[in-house]
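Structure first, commentary second.
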Amino acid sequence: MIKSLLLAAAVVLSGTVRAQDVTPDNPAAPDDRMIEAAVVNLSSPYYYPHLFARYEAGDTTLTLQDYRHLYYGFRFDDRYQPTETTPYADSITLTLTRNIDPQGISPELFGDLERQVRGALADEPFNMRYINLATYMAQMKGDMAEAGRYARKMRMIKAAIMSSGTGITKNSPWHVLYRSDESDILTSLGARPTKRMYITFDVEYFHLPVKNNGNRGYYFNNGRIYSKGGKRESDSKHRFEFNPLYNPRSSKHLKNIEY
């Protein structure tokens with residue numbers, strides 16, 4: 001029994017030491033076994049209930065390694081249902097469709113949308129498009145402190161994903177937990193793919209008609225989605241469409257927030 005506990009502790013500690021060297025410039029694929037061992041260990045600095053409480057509170061001292069454990073550790077949370085859409089998604093889409101104010105969210109819709117976004121984030125706390133909306137709405141309320149906390153969350157989630165690989169070869173893809181994360185990362189890079197295709201069972205390639213930062217395409221590993229029992233699309237070659245509601249903000253509204 002003691003030997004088993006010591007071995008588990010050694011796994012957590014060894015994974016933690018190696019993790020300190022990981023950065024977006026020095027990426028490494030997440031080790032699911034080590035992350036799981038860390039997030040369920042009460043004595044670990046990455047124990048998930050404690051780490052997630054800090055995330056929810058908007059703790060700005062959370063590091064890249066914390067975010068790697070938060071994001072990839074969410075896979076072991078019962079709320080992780082990657083092939084199911086939050087019931088708030090349709091409500092958010094409908095509310096935004098009803099909005100007619102070109103300068104922002106209409107006052108009569110603001111309360112409903114704010115409640116819907118908070119509900120969506122309760123279901124999918126690392127969804128960048130919902131965090132993006134929450135950032136925008138906090139800025140509209142004039143709460144720049146809250147907007148800054150949301151903006152930092154989005155930057156750090158993006159950094160965690162981009163620290164999982166280079167994204168430019170099939171052997172070093174970016175690892176994601178949701179299909180929407182792929183489109184959000186691509187959108188944040190200004191990349192507009194026209195086709196996507198599976199290169200391996202887990203790795204999907206997005207082809208760009210115009211190079212982005214010298215790259216003709218990007219690779220993502222989304223195999224964790226299907227390890228939860230989701231069904232893979234039968235057509236592996238199809239056009240990719242961006243969500244037109246992903247970026248309702250403008251530089252005018254968020255000019256004081258650094259992404």
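Values below: every heavy atom of this structure, side chains too, minus hydrogens, waters and symmetry copies.
Taking the six-membered ring where the residue is Trp, the centroids of Tyr80 and Tyr72 are separated by 6.0 Å or more. A centroid separation of less than 6.0 Å is found between the aromatic rings of Phe74 and Phe126.
A donor-acceptor pair is defined here as one N or O able to donate and one able to accept, closer than 3.5 Å; no such pair exists between the side chain of Ser106 and the backbone of Glu108. Listed for the Tyr71 side chain is a donor-acceptor partner under 3.5 Å among the backbone atoms of Leu177. Without hydrogens or angle criteria, Tyr46 side chain to Gly73 main chain gives no donor-acceptor distance under 3.5 Å.
Under a cutoff of 6.0 Å and an axis angle of 45°, Arg79 and Phe52 form a cation-pi pair.
Ion pairing between a basic and an acidic side chain is recognised when a charged N comes within 4.0 Å of a carboxylate O; Glu36 and Arg224 show no such pairing. A salt bridge does not link Glu146 with Arg149: none of the charged nitrogens is closer than 4.0 Å to a carboxylate oxygen.
Within 6.0 Å of NZ in Lys141 there are more than 12 heavy atoms belonging to other residues, nucleotides or ligands. At most 12 non-hydrogen atoms from other residues, nucleotides or ligands lie less than 6.0 angstrom from CD1 of Ile100.
Interatomic distance, OG1 of Thr86 versus CD of Gln81, reported as 11.5 Å (0.5 Å rounding). Taking CE from Met162 and CG from Leu64, the interatomic distance works out to 12.0 Å, rounded to the nearest 0.5 Å.
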Assess whether side chain to side chain donor-acceptor pair (under 3.5 Å) is satisfied between Thr60 and Arg152, documenting all intermediate values.
CA-CA 8 Å; Thr60 58; Arg152 186 176 190 277; 5.5 Å; no
Apply side chain to side chain donor-acceptor pair (under 3.5 Å) to residues Arg54 and Thr61 and explain how you reach the verdict.
CA-CA 9 Å; Arg54 292 174 61 194; Thr61 67; 3.2 Å; yes
Could you walk me through whether Thr63 and Asp66 pass side chain to side chain donor-acceptor pair (under 3.5 Å), step by step?
CA-CA 5 Å; Thr63 67; Asp66 293 329; 3.2 Å; yes
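Between Ile161 and the choices Met128, His175, Met156, Arg68, the side-chain contact (heavy atoms from CB on, under 4.5 Å) rule is met once, by Met128.
Ser43 and Asn41 share a side-chain donor-acceptor pair at under 3.5 Å.
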